[in-house]
Amino acid sequence: MAKRGGFPGGMGGFGGMNINKLMKEAKKMQADMEKSQEELAIKEFSATAGGGAVTVVVTGAKVIKSIELKQDIVDPEDVEMLQDLILTCTNEALRKVDEAQAMQMGNFNIPGLM
């Protein structure tokens, strides 16, 4: 005889999983994600451009820590090239942060999020 009403698995559609256990796992995952984000925020990422003429260091929180220029790259007649090198280098450092964040989020298996 067919069972009437209810959900498959008998526990509200969670396949018999205890809701308290599910909540504990969710809280643990949230705490792990927060810790992981904090660790990433203090890491530093660097990039260079112009054969090492420009170096930019950023944190995982996307804060620029330093910009280093080799003295011979500073040419008052070609400021535009220097600006392009700084821009390229900064964008590359920020891309590395984004890549690290994506890899870090990949460690958390959250259906529907990734």
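Here the structure is a predicted model, which means the values were calculated and not measured.
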Validation row: [X], [Y] side chains within 4.5 angstrom (heavy atoms):
X	Y	answer
I67	T55	no
T90	I64	yes
L85	I73	yes
F45	D98	no
Q101	K62	yes

[X] [atom1] to [Y] [atom2] distance, which is reported to the nearest 0.5 Å:
X	Y	atom1	atom2	result
D75	E80	CG	CD	12.5 Å
I19	K24	CD1	NZ	13.0 Å
L69	C89	CG	SG	9.5 Å

Point to revise | Qualifying residue, where the test is side-chain contact (heavy atoms from CB on, under 4.5 Å) with D32 and the options are E34, M29, K28 | key: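 Filter result, single survivor: K28.
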Exercise for review: Check the hydrophobic clustering (I, L, V, M, F, W, Y; side-chain heavy atoms under 4.5 Å; chains of links allowed) and say if M81 and V54 are grouped together.
Suggested key: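 Hydrophobic grouping puts M81 with V54.
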Review point. Can L40 be reached from V58 by stepping across I, L, V, M, F, W or Y side chains whose heavy atoms are under 4.5 Å apart?
Key: yes
Review point. Do E39 and K43 meet the salt-bridge criterion of a basic N to acidic O distance under 4.0 Å?
Key: no
**Study point:** Full working for side-chain contact (heavy atoms from CB on, under 4.5 Å) between M33 and Q104
**Key:** CA-CA 9 Å; M33 287 176 70; Q104 190 175 56; over 6 Å; no
Using every non-hydrogen atom in the two residues, find where [X] and [Y] come nearest and quote the distance to one decimal.
X	Y	result
A93	S46	CB-C, 4.5 Å
E92	A47	CG-CB, 3.6 Å
V56	I86	CG2-O, 4.4 Å

Point to revise | Residue pair E44 / T59, side-chain donor-acceptor N/O under 3.5 Å | key: no
Point to revise | More than 12 heavy atoms from other groups under 6.0 Å of NZ on K70 | key: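 Open.
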